[in-house]
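Okay, so here's the structure we're looking at.
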Amino acid sequence: MHAAYDYRPEGRVHVFDASDLPWQASPDPGLSLKPVRYDNARGHYLGLVRFEAMARSGLHQHRGVATSFVLHGGLTDYHGSLGLHQAGINPVGATHDVIAYSATLLVSRLEGPVAYPKDREELSGLHAGSVHDDVVNAAPERPPEINVDVDAQPAWQTGVQGLTRQMVFDYAGTGSAHRFVQWRLQPGLHCPPWRTTALTEFWVRGGVAVANGRTVHGNCFIVAEAGAELDLRSPHGALVLAWAEGPEQWLQTPTAAAGGPAPSLFGF
């Protein structure tokens, strides 16, 4: 699978317009990808996933946390359905087979490999890091996903004027100190510059922003390597999904409003 980017912790910021990336077919009928990152060695992925109507993933088990946001359509497994503008969180050990009853489009991020049963003839190209293995659900009482109505989550002040945060998933209980959030950028926002302490990635859901002088709009991804410095502005407002594997390090600390929260972009 050809990816637009291979991760290097070199302090750079990359922008990818997903509309310009080609769809790549997987070995599974009706399933295709637009990879921004596809690391088969570690099972890491960032990009878009497309299901044709009636396409199935096949039975699989997540060996790392997976997060998906539904842009169109929805998915169903034995636990129920994941619908429009919901995020599905698959914890480690989640074991399921999903089907799309209508054409479906997702933004997805994988943080570990995926196991398929040994009797499956070939490995899926849908999941980076796919392996053949014994697939045993060690916790059948636990649902295979946590479904989150993203837009219904409480909005919290970040301590940066004009930037609010909705927590989608704080990774509690996963063994990873990561965060998955939605940002709402008010028109006229200028976030003081900051440095990433770990891989931090964004997908612009709508509106327009400017990252390090580069304009980003709906369906653009931003990949900020560990140690990258970011200057973020939004003259006319934007809605952004963000995954942070570590907290920000301020280069110019925002001045918190009287009685307001200490500045925190991701809620660490």
Side-chain angles (χ1 to χ4, degrees), residues 1 3-21 33-49 64-71 87-90 105-112 127-129 148 150 158 163 165-171 174 176-185 191 193-212 214-232 234 238-249 264-268:
M1 187 69 62
Y5 167 75
D6 293 321
Y7 177 63
R8 298 287 186 274
E10 297 175 351
R12 299 170 299 175
V13 177
H14 306 268
V15 173
F16 303 96
D17 185 347
S19 299
D20 295 336
L21 301 178
L33 305 175
K34 278 196 178 190
V36 173
R37 287 192 301 108
Y38 191 99
D39 184 338
N40 213 36
R42 297 189 297 166
H44 291 187
Y45 176 83
L46 175 70
L48 302 182
V49 177
V65 175
T67 57
S68 294
F69 179 76
V70 180
L71 307 178
I89 316 298
N90 303 119
L105 183 63
L106 313 170
V107 175
S108 293
R109 191 176 196 263
L110 297 181
E111 299 184 21
H127 294 106
V148 180
V150 172
T158 62
L163 177 56
R165 177 188 69 244
Q166 292 170 283
M167 184 65 70
V168 181
F169 186 57
D170 65 4
Y171 284 73
T174 69
S176 296
H178 298 173
R179 298 290 187 272
F180 177 26
V181 303
Q182 178 167 261
W183 280 352
R184 293 183 181 272
L185 282 60
C191 182
W194 51 282
R195 180 184 293 116
T196 62
T197 59
L199 178 63
T200 304
E201 298 178 309
F202 310 86
W203 178 73
V204 182
R205 184 176 165 191
V208 179
V210 180
N212 290 8
R214 297 186 64 180
T215 299
V216 291
H217 50 75
N219 207 24
C220 282
F221 287 89
I222 305 169
V223 178
E225 300 170 345
E229 295 184 5
L230 277 165
D231 182 283
L232 183 66
S234 184
L239 188 63
V240 178
L241 298 180
W243 296 263
E245 297 189 359
E248 71 278 7
Q249 183 181 71
S264 176
L265 294 177
F266 305 102
F268 282 98

**OP:** Would you tell me whether Tyr171 and Glu111 have side-chain atoms, one donor and one acceptor, within less than 3.5 Å of each other?
**Re:** yes
Original post:
At what distance, to the nearest 0.5 angstrom, does CZ of Phe268 lie from CD of Glu248?
Top reply: 8.0 Å
Original post:
Is Asn212 close to Glu229 at the side-chain level, that is, under 4.5 Å between some pair of heavy atoms?
Top reply: no
Original post:
CH2 of Trp183 to OG of Ser234: how many Å apart, nearest 0.5 Å?
Top reply: 11.5 Å
Original post:
Are side-chain heavy atoms of Arg37 and Leu199 found at a separation under 4.5 Å?
Top reply: yes
Subject >> Shortest non-hydrogen contact from Ile222 toward Val13 >> reply: CG2-CG1, 3.9 Å
Original post:
How close do His217 and Asp17 get, heavy atom to heavy atom, and via which atoms?
Top reply: CE1-OD2, 3.3 Å
Original post:
Side chains of His127 and Leu110: closer than 4.5 Å at any heavy-atom pair?
Top reply: yes
Original post:
Can you list the steps and then say if Thr158 with Ser264 is a side-chain contact (heavy atoms from CB on, under 4.5 Å)?
Top reply: CA-CA 5 Å; Thr158 62; Ser264 176; 5.9 Å; no
**OP:** Check whether any side-chain heavy atom of Phe180 sits under 4.5 Å from a side-chain heavy atom of Val150, and report yes or no.
**Re:** no
Original post:
Taking C-beta and beyond as the side chain, do Tyr7 and Asp39 meet within less than 4.5 Å on heavy atoms?
Top reply: no
Original post:
Would you call the rings of Tyr5 and His14 parallel, tilted or perpendicular, where under 30° means parallel and over 60° means perpendicular?
Top reply: tilted
Original post:
Should Phe221 and Val107 count as side-chain neighbours, where that means a heavy-atom distance under 4.5 Å?
Top reply: yes
Original post:
To the nearest 0.5 Å, how far apart are CG in Leu71 and CG in Leu106?
Top reply: 7.0 Å
Subject >> Least distance between heavy atoms, Leu21 atom then Ala4 atom >> reply: CD2-CB, 4.1 Å
**OP:** Please confirm whether the backbone N or O of Glu225 pairs with a side-chain atom of Thr196, one donor and one acceptor, at under 3.5 Å?
**Re:** yes
Subject >> Over all atoms of both residues, closest heavy-atom pair of Ala209 and Ala238 >> reply: CB-CB, 4.3 Å
Subject >> Separation between CZ of Arg109 and CH2 of Trp243, rounded to the nearest 0.5 Å >> reply: 7.5 Å
Original post:
Side-chain contact, heavy-atom cut-off 4.5 Å: Val181 with Met167?
Top reply: yes
Subject >> Interatomic spacing from CG in Asn90 to OG in Ser68 - rounded to 0.5 Å >> reply: 6.5 Å
**OP:** Could you go through the side-chain contact (heavy atoms from CB on, under 4.5 Å) check for Arg184 and Leu239 one step at a time?
**Re:** CA-CA 5 Å; Arg184 293 183 181 272; Leu239 188 63; 3.5 Å; yes
Subject >> Heavy-atom side-chain contact between Asn219 and Leu48 under 4.5 Å >> reply: yes
Original post:
Does any N or O in the side chain of Arg179 come within less than 3.5 Å of the main-chain N or O of Asp170, such that one atom is a donor and the other an acceptor?
Top reply: yes
**OP:** Give the intermediate values and the outcome of side-chain contact (heavy atoms from CB on, under 4.5 Å) for residues Arg205 and Phe69.
**Re:** CA-CA 10 Å; Arg205 184 176 165 191; Phe69 179 76; 3.6 Å; yes
**OP:** Measure from the side-chain N and O atoms of Asn40 to the backbone N and O of Ala128, and report whether any donor-acceptor pair falls under 3.5 Å.
**Re:** no
Original post:
Can Leu265 and Arg165 be said to form a side-chain contact (heavy atoms from CB on, under 4.5 Å), step by step?
Top reply: CA-CA 7 Å; Leu265 294 177; Arg165 177 188 69 244; over 6 Å; no
